[in-house]
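Below you'll find the structure, written out as structure tokens, and then a few comments.
As the structure lists them, so they are numbered: ligands from 1, and atoms in each ligand from 1.
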Amino acid sequence: MADEFAIESSLKEKRRFEPDPKWSRAALVPGKAAYRRMVKEAEKDFRRYWARHAKENVSWFTPWKKILDWKPPRARWFVGGKTNVSYNCLDRHLEGENAWRKNKAAIIWEGEPGDRRVLTYGDLHREVCKFANVLKDRGVKKGDRVILYMPLVPELAIAMLACTRIGAVHSIIFGGFSADAIRDRTNDAEARVIVTADGGWRRGQIVRLKDMVDEAIDGGAAVNQVIVLQRTGHDVPMKAGRDLWWHDLMADASPVCKPAKLDSEHPLFILYTSGSTGKPKGILHTTGGYLTHVATTSKYIFDLKETDTYWCTADIGWITGHSYVVYGMLANGATSVMYEGAPNWPDEERFWQIIDRYRVTIFYTAPTAIRTFMKWGADHVKKYDLSSLRLLGTVGEPINPEAWMWYRRVIGHNRCPIVDTWWQTETGGILISPVPGAVATTPGSATLPFPGIFPDIVNEQGESCGPDEGGYLVIKKPWPGMLRGIHGDPERFREQYWSKFDGIYFTGDGARRDRNGYFWVMGRVDDVMNVAGHRLSTMEVESALVSHPKVAEAAVVGRPDEIKGTAVVGFVSLEGDVAFDASLAEELRSHVAREIGPVARPDEVRIAAALPKTRSGKIMRRLLRDVAAGRETTGDTTTLEDFSVLASLRQDEE
Ligand code: PRX
């Protein structure tokens with residue numbers, strides 16, 4: 001269990017890696033003393049601390065009147081200030097003392113089939129202005145929502161930045177989600193325009209994105225315009241009056257488009273994520289605070305220098321891609337590498353080849369990926385020259401010390417600090433992470449809060465826990481990148497994040513802090529599973545299972561998995577007259593993949609005569625978790641499972 005692992009490792013883990021003095025001297029935060037000054041400054045007055053970063057790292061058309069207006073749970077940062085995210089990511093790198101960046105690579109992109117493109121800041125600016133004009137011509141106005149459902153191609157970043165340029169609000173849907181997910185999210189966001197592509201490449205196959213969009217619209221997504229990028233070139237039906245080709249629209253779009261002067265609190269994007277119910281949860285982020293947070297954390301946590309080539313392997317469809325592939329990097333004038341496809345296409349060497357080819361200096365990926373690389377073996381890695389790397393990062397889930405050590409040794413050659421960064425879709429940017437060169441690291445711990453962030457671990461009563469005592473991870477003071485709400489559902493926002501402890505942000509994670517004050521995040525304490533670094537709610541998968549006509553009831557639990565962290569196991573009981581046969585389990589797995597998307601396909605579906613319930617009728621999830629994890633068995637898992645005996649034995653426990 002994630003829990004037990006974290007408790008054990010925090011108690012047992014004694015390995016500690018002090019910053020290398022040579023590395024520290026060259027770092028933006030050059031050692032412990034400089035770090036302590038940052039911490040002190042933030043503790044003295046966190047508002048002024050963040051205001052300093054907002055001034056240093058973001059350009060404003062109009063200065064703010066008030067740093068923070070905080071009426072929990074409503075936060076407004078840099079009140080009255082006006083800025084524009086695309087201006088910060090593009091125009092300011094083409095002007096004044098930074099004008100030399102015009103020909104610096106903003107995006108180095110590699111497609112899965114091997115095609116390559118480099119977009120300089122000058123190129124990106126021109127393309128973004130053109131697409132912003134396209135959106136305007138299509139009638140998209142400030143505040144309108146635009147859905148982006150695209151492969152990992154530069155045009156996705158272009159579309160994002162074009163939205164921010166005119167004040168439209170993008171909502172990206174990861175390409176692994178299905179038509180139903182597109183429909184639900186599009187309608188929840190009340191978007192009228194979708195930008196998509198004919199398809200994208202994944203393990204040599206075409207992911208047929210446009211077909212999904214068509215199906216979503218046929219199924220009730222209330223959209224009247226679809227802009228289609230030609231990526232794969234296969235035939236796709238285009239509906240007259242609704243569907244338009246990206247290249248046709250761009251052909252004669254003007255490359256001149258002034259960035260809109262937007263209020264600091266103007267909505268920037270909505271990103272849907274899994275909550276504890278099946279209903280789409282659109283996390284809302286706004287302009288000035290978010291940009292300040294991601295620009296500042298990108299700079300200091302990745303120690304960004306002009307000469308760096310940074311590669312974050314996340315898809316832009318997740319928050320990591322928003323904050324640390326696109327916005328945080330481009331705001332700093334950095335070079336961001338993007339790769340469209342799978343790590344094992346055409347073989348398991350692809351990532352190392354990319355690092356070698358572009359001389360990547362900073363590499364940021366997920367623990368699940370690292371565990372997969374371990375399984376594939378170090379031989380693939382050794383064929384390539386990784387000596388350009390100077391910093392490594394992880395994100396998305398707890399990392400087990402063994403994987404951390406492998407990452408350090410095999411990828412980092414014991415030279416590169418590792419930043420284990422803890423954060424969430426809701427937090428906008430990183431909240432807990434070592435600052436490299438200044439904070440000693442320990443495998444498995446995200447170490448300390450970024451200066452200016454004030455987390456705590458509390459018990460059920462909201463009292464701070466002692467050292468090594470497990471509790472709820474909360475954030476006590478507001479921070480610039482915090483979510484501003486759930487789109488269209490203020491009550492759920494309050495209830496979900498601000499009601500458990502009054503006026504304090506509840507993360508939904510369990511954690512402990514060791515005697516050095518280091519944080520050990522154990523994982524979710526709610527009904528959210530973290531599968532391969534992606535969030536899924538048990539409810540979502542359960543409702544997909546129950547929507548199958550043969551299923552009467554379903555319960556979904558996570559089971560520890562060596563590679564993915566958590567694997568998804570569904571238990572179902574069948575409608576009265578349905579006969580059990582082995583292929584039904586497979587059919588149900590595919591059904592979930594169709595309903596939600598391939599990301600949600602259960603690893604296992606087990607069919608039970610009836611789900612085990614307490615006397616009061618509640619499903620005994622703990623028992624199911626034990627059965628899924630193999631800690632308790634019904635004896636025979638090849639036939640219909642009968643939980644009645646186990647359930648009666650354990651009645652008293654629940
Ligand atoms: O449980 C924590 C885990 O991922 C959750 C957030 O998921 P999501 O919103 O999809 O964002 C993932 C990318 C930021 C958290 O509640 N998590 C994230 N980073 C870490 C982590 N758990 C342990 N260590 C981390 N570094």
Side-chain angles (χ1 to χ4, degrees), residues 1-3 5-7 9-10 172 174 176-177 271-276 281-283 285 293-294 297-298 301 312-325 327-328 364-371 392-401 403-404 407 418-434 441-450 453 455 457 472-475 481-483 486 496-497 505-513 518-537 540 558 564-566 599-600:
M1 292 258 319
D3 262 28
F5 144 70
I7 294 170
S9 37
S10 92
I172 305 182
F174 173 60
F177 281 111
L271 181 57
Y272 284 88
T273 186
S274 297
S276 5
K281 184 164 87 167
I283 303 297
H285 284 287
H293 189 158
V294 298
T297 48
S298 294
I301 294 172
C312 166
T313 64
D315 194 283
I316 295 177
W318 308 104
I319 190 69
T320 307
H322 284 62
S323 300
Y324 299 107
V325 175
Y327 292 127
Y364 189 35
T365 195
T368 290
I370 298 168
R371 291 190 289 263
L392 303 175
T394 69
V395 57
E397 44 182 329
I399 182 163
N400 45 314
W404 195 99
Y407 196 32
I418 297 178
V419 290
D420 173 352
T421 61
W422 178 89
W423 58 296
Q424 309 177 297
T425 304
E426 291 86 343
T427 68
I430 298 168
L431 297 195
I432 304 179
S433 164
T441 54
T442 288
S445 166
T447 75
L448 300 172
F450 185 76
I453 304 295
I457 292 165
Y472 299 112
L473 180 62
V474 296
I475 315 293
M482 64 199 281
L483 79 165
I486 293 176
Q496 178 108 45
Y497 304 107
Y505 175 78
F506 174 49
T507 64
D509 276 0
R512 60 182 51 234
R513 196 164 21 182
Y518 277 25
F519 283 81
W520 296 78
V521 177
M522 301 176 209
R524 307 287 313 189
V525 292
D526 52 12
D527 293 332
V528 176
M529 298 174 287
N530 196 323
V531 180
H534 299 145
R535 254 161 85 164
L536 271 182
S537 82
E540 241 173 334
K564 297 160 78 170
T566 307
V599 277

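Every residue two or more places apart in sequence or in another chain that forms a ring-ring contact (aromatic ring centres under 6.0 Å, His included) with Tyr505 is listed here: Trp479, Tyr497, Trp498. Residues satisfying the ring-ring contact (aromatic ring centres under 6.0 Å, His included) criterion with Trp422, sequence neighbours excluded, are absent altogether. Residues forming a side chain to side chain contact (heavy atoms under 4.5 Å, CB included) with Asn530 (at least two apart in sequence, or on another chain): Glu397.
The distance from atom OG1 of Thr447 to atom CD1 of Ile432, rounded to the nearest 0.5 Å, is 8.5 Å.
Protein residues having a heavy atom under 4.0 Å from any atom of ligand 1 are Ile319, Thr320, Val395, Gly396, Glu397, Pro398, Asp420, Thr421, Trp422, Trp423, Gln424, Thr425, Asp509, Val521, Arg524, Asn530, Arg535, listed by chain and number.
For Trp423 and Phe450, the ring centers are positioned 6.0 Å apart or more.
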**Study point:** Thr421 and Tyr364: CA distance, side-chain angles, deciding distance, side chain to side chain donor-acceptor pair (under 3.5 Å) verdict
**Key:** CA-CA 10 Å; Thr421 61; Tyr364 189 35; 2.6 Å; yes
